[in-house]
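Here is the structure we will look at, set down as structure tokens.
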Amino acid sequence: MKKVITRFAPSPTGTLHIGGVRTALFNYVYAKQNDGLFLIRIEDTDRERSTKKYEKDILDNLSSIGLSPDQKPINQSERNEIYTKAAEKIVESGNAYWCDCSPEELDKMRNEQTAAGIKPMYDGRSRNLGLERSEKTVLRLATPEDGDIIVNDIIRGEIKFNNNELDDLILLRSDGTPTYHLCNVVDDYEQNVTTVIRGEDHISNTPRQIHIQNALGYPELEYAHLPLVLGTDKKRLSKRNAATSLKEYREKGYLDSAILNTLARLGWSKGDKEIFYLNDLIKDFDIKEVQKAGAIFDISKLDWLNSQHLANLSLEDFKNQLEPFLEKLNISINDHHDVDLLIQSMRTSDNTYSGIAESLIPYYREIESYDEKAITKFIKDKSILNSLKDIFVNIDNWNESSIDIVLKEFQTQNELSVPAVNQPIRIALTGSTKSPSLGLTLAIFGKEKSIERVENLLSYV
RNA sequence: GUCCCGUUCGUCUAGAGGCCUAGGACACCGGGUUUUCAUCCCGGCAACAGGGGUUCGACUCCCCUACGGGAUGCCA
């Protein structure tokens, strides 16, 4: 059996899109589970829109998320000769012809066709003219006029196209450069690709590409057309309806593993299992089980999955990955006397790193503002805080359990409700009523800092 | 317009003719733990697009309609 080779073939006209990450992921996983190769090919034949900057973004992001190719990526823009040679071969075999129709003429033709209610497509008017190559001619594939072509899709089964639905596509532009279809087919062959896994927007391109393969005498490929990732408006995910670039999600503090997990579960599932790491996917994923219908990308599922992946991290890993997010807030993670206790207590405060970093601010910096509503609700007068301050000063063994005991005593002796005692302290320490359990929070801040913050609040109100 | 692909809870999905009183997860709502917040636990809400067949029996098979998406470029 032939070694399975898959490829991800982005065109560098934008940053890496999460839909693209999913396509790359499925290609990667399929290759790995078949002990094959995963390749990347940069389809930069559109010189106007392709940029090196986007190419770098795509390559960097893919490898940092763990989807590195097994060979150095190739650029189509550097392989012109190969395509030209293939085109010549098609001309020689009589399966292509030169056409001198101008863009204006074609435009007019399409308009007329549309007006007449028929499918706009090139009518083959230059096909039998026997034109020679010139500066005004494009090379067109002579597509068989009748019969049909069957695409065998791993996910969808047989898809039949009538050859008369297909027009004679352009292989070489008038400036001599090759087009997408030609390059794509030639490179899949040159790279020994066995399996094409791509978005379903390519389904109708497939029969055209098969015709090119046939003209060139290339062997058949295996195809799997993935359902598209959709936005909440059910249209394909784009900048208009969602954050699409992988980078944005990473910068928000979503874990790579959680992003991959979410993407894999979009259009695919395995029993009741929800948590998948890359290794699990290589074990459990089955391309045949992929859904046929497009799937809406739901950020709340990502949020939940992220919280699950975050919870699975060791404290060390958690801290390491959190660090850059704190740095963005000009906070150095070790600028605290008991970092481990702090982070351990706060790691579930949000489901993204950026959110967690945000909620950590009061633990690293002085309080800039108090939650006024909380103050009016819980601080009627200063007496309770004053007494608590005196009590704190006298606690020698400053740890969670002893603090809790002291607080409990104070509360019962003075016949106060729990919130009457606890909330003012929370406000003093964090500026709001949100914090871990009280004794723990006080322990996190330490005796000195706790007293200082109670004093600060006392002088504020 | 034409061709192609699709259609199960709000969302991701399970479901290969009887196992379906349609299951799970997220979200949402309610309750419990945390005397706060988050986590966690428990419970609830909620779907087979519509119509025809086929069959003793259809979420499952066939046809039609509707709706959605994709393609129809000297873009990829």
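Within every chain, numbering begins at 1; the chains are lettered A, B, ... in the order of the sequence lines, protein sequences first and strands thereafter.
- Atom name C1', nucleotides C59(B) and C48(B): the rounded distance is 5 Å, in whole Å.
- Partners of Y223(A) according to the side chain to side chain donor-acceptor pair (under 3.5 Å) rule, which considers only residues two or more places apart in sequence or in another chain, are Q213(A).
- Annotation: C20(B) and G52(B) have their P atoms spaced 27 Å apart (nearest Å).
- Between I375(A) and V461(A) there is a side-chain heavy-atom pair separated by less than 4.5 Å.
- OP1 and OP2 of U72(B) both lie 4.0 Å or more from every side-chain N or O belonging to S204(A).
- Here the side chain of L266(A) is nearest to one of C3(B), A76(B), C12(B), namely C12(B).
- Which of U72(B), C3(B), C5(B) sits closest to the side chain of I159(A) comes down to C5(B).
- Heavy-atom distances to RNA chain B give each of P103(A) and P436(A) a nearest nucleotide, and the one nearer the 5′ end belongs to P436(A).
- Using N1 to N3 plus N6-O4 or O6-N4 for Watson-Crick, or N1-O2 and O6-N3 for G-U wobble, each under 3.5 Å, G1(B) pairs with U72(B).
- You'll find a donor-acceptor pair under 3.5 Å spanning the side chain of T348(A) and the base of A38(B), going by distance alone.
- Spacing between G15(B) and U21(B) at atom C1', rounded to whole Å, works out to 16 Å.
- Residues S300(A) and D44(A) each lie close to RNA chain B; by heavy-atom proximity, the contact nearer the 5' end of the strand is made by S300(A).
- For the pair R265(A) and F276(A), the cation-pi criterion (under 6.0 Å, within 45° of the ring axis) is not fulfilled.
- Checked against the 6.0 Å centroid threshold, H309(A) and Y254(A) do not count as a close aromatic pair.
- Across all strands shown, the partner of G6(B) is C67(B), judged by Watson-Crick or G-U wobble contacts whose two distances both fall under 3.5 Å.
- Distance from the side chain of Q291(A) is smallest for A14(B) among the nucleotides G24(B), U36(B), A14(B).
- The gap from the C1' atom of C26(B) to that of C45(B) amounts to 14 Å, rounded to the nearest Å.
- Look at the C1' atom in both A22(B) and U60(B): the space between them is 12 Å, to the nearest Å.
- Taking CD1 from I159(A) and CD from E200(A), the interatomic distance works out to 9.0 Å, rounded to the nearest 0.5 Å.
- Both cation-pi conditions hold for R347(A) and F318(A): the charged atom is under 6.0 angstrom from the six-membered ring centre and inside a 45 degree cone around its axis.
- The P atoms of G24(B) and C41(B) are separated by 15 Å, rounded to the nearest whole Å.
- Look at C37(B): it lacks any Watson-Crick or wobble partner with both distances under 3.5 angstrom.
- The side chain of R156(A) lies closest to C5(B), out of C5(B), G70(B), G24(B).
- Atom CG of L166(A) and atom P of C3(B) are 13 Å apart (whole Å).
- A donor-acceptor contact under 3.5 Å is not formed by the side chain of T433(A) with the base of C37(B).
- Nucleotides U39(B) and C29(B), compared at atom P, are 13 Å apart to the nearest Å.
- For A293(A), the listed nucleotide lying nearest its side chain is G6(B); candidates were C74(B), A14(B), G6(B).
- Atom name C1', nucleotides A16(B) and A58(B): the rounded distance is 13 Å, in whole Å.
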